[in-house]
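Have a look at the structure below before the remarks.
Count residues from 1 along the sequence. Every heavy atom of this structure was used, including side-chain atoms; hydrogens, water molecules and symmetry mates were not.
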Amino acid sequence: MSDSWQGPGARDPQGASNGSGWEQQAGPSEQGAQPDRAARQGRQRPCPARDARQQPYQGHPQEQHAYAHPPRQDVYPHSPEQTHPPEQTHQAEPRAESAEVDAAPAAEAPEAEAAAPEVDAPEVDAEPSGSRRQARRRARGKDGARDGTRRRRRRRGGLLKVVAFCVVTTVGSLILLRGNELLDRLGTSTAPDKAAETPAAPEPPDPGRVLQVIAHPDDDLYFMNPDLRYSISAGSPVTSVYLTSGEADGINAGSAKAATTKPDKPAYAEARQNGIRAAYAKMATGDRGSPWTRTVVPTKGGGHAEVDVLVAKPQVNLVWLQLREAGTVYDNAPNSLHGLWDGKIPRLDSMLASGTPVTQPFSYSKDQVVQTLVGILEQYRPTTVRSQDPTPGRYPDTKRYADHQDHFYGARFVQLATAAYAKDVTDRPHFTVQNYAGYINGSLPSALDPDEAKEKLDILGTYAWLDRQNHCNSPAGCGDLKISDQPGGNRWSDSINYARGSSTDWLTSDAQQGLWAFKVLDGQVAVWHRAGPAGRWKGPDLLPGTGMDPGVSTVTLADGRTAVFGTRTSFGAKPTDYRREVVHAVQKQPGSEEFTEWQSLGTPETADENWTSDISAPAVSVDGTGQLAAYVRDGAAGLRGRVQQPNGSWGPWEKYGGTDLHGSPATATDGAGRRMVFAATSKSVVGWTQPTPGAPLGQVTPTGLPDTTLPLTADGREGGVRLWFRKPGSGNVRTALITGEGGLKVSQMTDLGGLQGFGAVTASGHLLAGRTAGGQLGSEAGSGRPWERSPLLFVGAPSSTMTGQGLVGLAVVGLDARLYVTSSADAPGAHLAPWQPVGPRNAPPSLPSPVSPPPPPASSPSPASPASPAPPTSPTSPAPHASGPAAATR
């Protein structure tokens with residue numbers, strides 16, 4: 001980790017301040033921890049043998065400063081051994097009954113008959129001696145003593161039944177989830193194992209650590225919510241990094257007063273900061289005025305950043321890099337992130353907000369922007385990175401960018417930074433990346449149900465400062481009045497869409513009923529594998545090859561091997577070398593853990609400047625002749641594809657037509673072996689089919705289906721291909737059967753209901769699963785049954801597959817970048833088994849010993865000058881509001 005980027009609260013091993021301005025005292029979450037921990041230790045579960053594993057989380061060395069986020073106890077359910085959800089905790093019985101319970105097994109044993117007089121020794125000693133039976137009778141006494149003993153025996157018997165039930169449940173769950181591991185243990189010698197007598201250290205749950213990088217203040221509220229709100233509500237540590245100040249034209253006014261309001265770019269930048277702080281405070285605490293501590297830190301790029309920590313929830317951080325914005329969505333603006341990327345300017349200047357404690361201007365080269373972001377990644381060590389779409393395309397009619405140039409060039413800087421971080425920093429946890437669509441959401445069907453859309457709009461209203469009350473005590477204003485006329489923007493508050501990563505076929509099974517999962521971690525494809533129907537899970541193992549974009553798809557080839565497809569982004573020495581291409585790797589043998597090197601299928605785009613390299617993730621399928629094909633949506637919003645030839649080579653990128661296509665296509669094969677391909681438009685779904693297996697795709701055909709919320713899932717069944725999609729403005733899951741005999745025909749259009757939510761739905765057998773309102777995973781295992789909700793927050797889309805006869809496997813990757821799996825019988829009315837995390841806990845390693853930054857050069861202001869802010873106020877003692885005059889002098 002660079003010496004120049006030290007997190008707030010980072011301390012040396014002796015607890016001394018590092019002098020960088022990051023240090024913070026213990027936040028509210030750390031106060032009173034011991035009493036709470038003691039209270040938790042008094043709890044007892046129905047299954048005593050497993051209760052010892054459910055210990056309270058004690059934290060990690062790197063989490064002992066205010067910048068490190070306090071852990072949450074109940075987000076991700078359990079380690080592999082833990083099969084009771086956290087909410088099944090019960091209070092312990094009184095101590096006297098606990099002692100009685102502890103003695104119950106011995107009392108029920110035959111030897112306990114002889115020992116009974118010793119148990120009730122005070123009463124026995126008062127009676128004359130005689131036979132043991134007579135002594136026991138005398139020891140019981142009169143007037144209800146016998147009834148008391150019977151009641152105790154009934155309690156003991158009930159306890160034994162509970163224990164027996166827990167044992168049976170545990171064994172059943174472990175057989176289902178752990179398979180051979182449990183069988184191996186049952187088959188080992190029964191000799192005492194002293195090492196086994198010591199309980200293993202518990203594995204604390206990990207809610208993951210989220211880091212968002214956005215171009216402007218409000219991009220997160222428009223395009224990453226409600227994911228942002230879900231993460232904050234779940235207690236996940238969340239940090240948002242703002243690349244630019246968003247100063248625009250400097251006019252903080254609605255349309256009615258814009259012409260008479262004097263431009264003031266620093267003040268407008270401050271007003272937007274104030275609005276963001278209010279919005280985050282409201283999401284985290286319910287109080288928009290909840291105070292923040294604000295401080296200045298040196299960055300790895302050589303400049304300074306402002307870091308804000310929410311006092312009441314110190315796991316919520318805001319990092320302001322305060323670079324100059326483009327000031328225009330589409331037009332040429334050299335003094336911008338776009339100009340810096342293309343080399344039109346050597347350095348981009350800062351634009352400091354009027355209220356920021358950063359008072360010394362600076363500028364960054366392209367590499368310094370990247371290094372600044374790498375330093376932030378090093379400090380926060382996220383497990384989920386969120387950014388905007390680096391390739392949003394252009395509108396086909398006007399050829400204007402489909403998103404703000406700051407949005408996607410900012411996202412490209414994030415791509416460079418995450419690649420450098422993954423390559424150069426080994427002492428870190430795995431991380432996933434999620435990209436979010438921007439302006440295009442306004443022209444697509446609403447993805448959110450009314451309640452979720454209202455919640456999102458309310459937060460935007462807080463940011464827009466609708467009530468004009470000066471709650472922040474700032475002359476610049478407490479929010480962004482420029483959007484106050486229409487806080488929802490261009491219907492952006494109604495939707496959220498992932499730019500990629502919506503594939504639901506990244507989990508697959510093999511002929512031996514083993515399971516394989518493929519997701520992108522650290523810019524490489526990670527593989528998890530379970531051999532056979534009940535083997536041990538392995539992974540994650542990273543396949544060689546970097547630059548992989550979020551979202552991969554798998555397909556089983558005719559010979560039983562698994563092929564993995566995705567897209568890869570590469571960077572060259574020149575800006576024009578930016579390139580996104582389709583790649584694939586194939587198992588060397590069926591069931592083998594060895595794969596070929598990544599092979600490129602290229603891209604249908606001739607140059608990045610044409611359509612910003614806007615190709616979708618590939619959809620792949622194998623028809624009845626064994627022919628493999630891959631399809632993408634191109635930048636012109638049409639369908640393109642390549643087909644593998646019998647000799648293993650690939651044909652050219654073919655044009656299959658279609659207009660107004662969005663998202664990624666979906667493909668599957670019907671009962672006759674015909675390949676079908678489907679794509680969503682802004683108003684419906686269109687499709688293509690082979691007239692016969694092995695033949696080229698036919699013409700694009702309207703399906704007549706209603707509009708959808710982009711992600712489509714296709715599965716060959718019932719002689720045709722069944723589609724699943726979401727109803728706009730509702731989140732309900734819909735399905736339809738498509739047949740291909742004599743052309744595409746649609747039937748059995750059905751609304752299956754659900755738990756609202758958004759995003760792709762996975763389907764295997766009777767099982768349906770997808771994101772619900774609130775962000776958790778919802779599932780349904782039979783028509784007409786209520787949907788169930790799991791506690792998992794996850795990245796991208798879930799995936800499921802049939803595993804042998806009558807079983808379904810289901811998987812997600814959590815915000816902690818860890819794979820979670822479960823299974824179910826493929827039958828109506830079935831329930832999911834407990835979730836099992838796979839592989840080691842993805843915890844961040846301990847922080848290196850911090851090193852104080854170098855002293856300022858002689859020309860820099862002295863420590864007593866305003867350019868050297870005082871250490872931040874302790875989170876344990878509320879300070880003046882962060883955006884007030886007092887904050888501006890820190």
query = Does Phe431 have its ring centroid less than 6.0 Å away from the ring centroid of Tyr421?
reply = yes

ask   = If only atom types and distance count, is the side chain of Asp220 paired as donor or acceptor with the main-chain N or O of Met224 below 3.5 Å?
value = no

ask   = Do Asp549 and Thr567 have side-chain atoms, one donor and one acceptor, less than 3.5 Å apart?
value = yes

inquiry  = Ignoring hydrogens and geometry beyond distance, is a side-chain donor-acceptor pair present between Asp816 and Asn842 at under 3.5 Å?
reply    = no

Distance-minimising heavy-atom pair for Phe794 and Gly770 = CZ-C, 4.5 Å

ask   = Does any N or O in the side chain of Thr432 come within less than 3.5 Å of the main-chain N or O of Thr384, such that one atom is a donor and the other an acceptor?
value = no

key: Whether Ser233 side chain and Ser231 backbone form a donor-acceptor pair below 3.5 Å   = no

ask   = Ser730 and Asp449: side-chain donor and acceptor closer than 3.5 Å?
value = no

query = Closest approach of Ser502 and Ala760, non-hydrogen atoms and distance?
reply = O-CB, 3.4 Å

ask   = Nearest heavy-atom pair of Pro798 and Ala769: which atoms, and what distance?
value = CG-O, 3.8 Å

query = Could Asp715 and Arg717 be called an ion pair, given the rule that one side-chain N must be under 4.0 Å from one carboxylate O?
reply = yes

query = Hey, are Thr803 and Gln513 close enough side-chain-wise for a donor-acceptor pair under 3.5 Å?
reply = no

ask   = What is the minimum heavy-atom distance between Phe565 and Ala630, and which atoms define it?
value = CE2-CB, 4.1 Å

ask   = Side-chain contact, heavy-atom cut-off 4.5 Å: Pro706 with Arg734?
value = yes

ask   = In terms of the angle between their ring planes, are Trp492 and Tyr222 parallel, tilted or perpendicular, with boundaries placed at 30° and 60°?
value = perpendicular

message = Any heavy-atom pair between the side chains of Leu810 and Leu777 that's under 4.5 Å?
response = yes

inquiry  = Within the 4.5 Å heavy-atom criterion, are Val525 and Lys519 side-chain neighbours or not?
reply    = no

query = Would Arg209 and Ser236 count as having a side-chain donor-acceptor pair, cut-off 3.5 Å?
reply = no

ask   = Heavy atoms, side chains only, cut-off 4.5 Å: are Gln212 and Thr239 in contact?
value = no

key: N/O donor-acceptor pair under 3.5 Å between Ser799 side chain and Trp506 backbone   = yes

task = List the atom of Leu815, the atom of Thr383, and the distance in Å for their closest heavy-atom pair.
result = O-OG1, 2.6 Å

task = Consider only side-chain N and O atoms of Thr762 and Thr504, and report whether a donor and an acceptor are under 3.5 Å apart.
result = no

message = Looking only at side-chain N and O atoms, does Arg530 offer a donor or acceptor that is under 3.5 Å from a partner on Ser509?
response = no

task = Indicate whether any N or O donor in one side chain lies under 3.5 Å from an N or O acceptor in the other, for Asn317 and Tyr280.
result = no

request  = Output yes when Arg428 and Asp522 qualify as a salt bridge under the 4.0 Å nitrogen-oxygen rule, no when they do not.
outcome  = yes

request  = Could you tell me whether the side chain of Arg633 and the main chain of Pro665 form a donor-acceptor pair under 3.5 Å?
outcome  = no

ask   = Short question: side chain of Thr801, backbone of Gly809 - any donor-acceptor pair under 3.5 Å?
value = no

request  = Give a yes or no on whether the backbone of Leu448 and the side-chain of Ser446 come within a donor-acceptor separation of less than 3.5 Å.
outcome  = no

task = Examine the side chains of Gln434 and Arg500 and answer whether a donor and an acceptor come within less than 3.5 Å of each other.
result = no

request  = Measure the spacing between OG1 of Thr772 and CD of Glu452 and express it to the nearest 0.5 Å.
outcome  = 8.5 Å

request  = Report yes if some heavy atom in the side chain of Leu712 is under 4.5 Å from a heavy atom in the side chain of Thr708; otherwise report no.
outcome  = yes

key: Main-chain N/O of Met676 paired to Thr667 side chain as donor or acceptor, under 3.5 Å   = yes

ask   = Between Tyr230 and Phe758, how do the two ring planes meet: parallel, tilted or perpendicular, split at 30° and 60°?
value = parallel

ask   = Side chains of Gln388 and Ile214: closer than 4.5 Å at any heavy-atom pair?
value = yes

message = Given 3.5 Å as the limit, does a donor-acceptor pair link the side chain of Thr554 with the main chain of Thr508, or not?
response = no

message = If you apply the rule side chain to side chain contact (heavy atoms under 4.5 Å, CB included), what do you find for Met283 with Ile459, and how did you get there?
response = CA-CA 7 Å; Met283 284 188 285; Ile459 297 302; 3.5 Å; yes

inquiry  = Can you tell me how far apart NZ (Lys538) and CD (Glu593) are? Round to the nearest 0.5 Å.
reply    = 3.5 Å

query = Hey, does Ser553 have a side-chain heavy atom less than 4.5 Å from the side chain of Pro618?
reply = no

message = Determine whether the aromatic ring centres of residues Phe518 and Phe595 are separated by less than 6.0 angstrom.
response = yes

message = Return the OG to CG distance between Ser800 and Leu767, rounded to the nearest 0.5 Å.
response = 5.5 Å

request  = Output yes when a side-chain donor or acceptor of Asn225 lies under 3.5 Å from a complementary backbone atom of Arg229, and no otherwise.
outcome  = yes

query = Got a second to check how far Leu752's CG is from Leu768's CG, nearest 0.5 Å?
reply = 6.0 Å

query = Is the shortest heavy-atom distance from the side chain of Leu444 to the side chain of Leu710 under 4.5 Å?
reply = yes

query = What distance do Phe725 atom CZ and Asn732 atom CG have between them, rounded to the nearest 0.5 Å?
reply = 11.5 Å

request  = Drop me the distance from Thr735's OG1 to Asp751's CG, to the nearest 0.5 angstrom.
outcome  = 10.5 Å

inquiry  = Regarding Asn435 and Ser387, do their side chains bring together a donor and an acceptor under 3.5 Å, going by distance alone?
reply    = yes

ask   = Can you tell me if Tyr436 and Asn441 form a side-chain donor-acceptor pair at under 3.5 Å?
value = no

message = For Gly514 versus Asp510, what's the shortest heavy-atom pair and its separation?
response = N-OD1, 2.7 Å

task = Start with the C-alpha gap between Gln748 and Arg722, add the side-chain angles, then the distance that decides, and say whether side-chain hydrogen bond (donor to acceptor under 3.5 Å, both in side chains) holds.
result = CA-CA 9 Å; Gln748 301 180 24; Arg722 184 163 285 280; 2.6 Å; yes

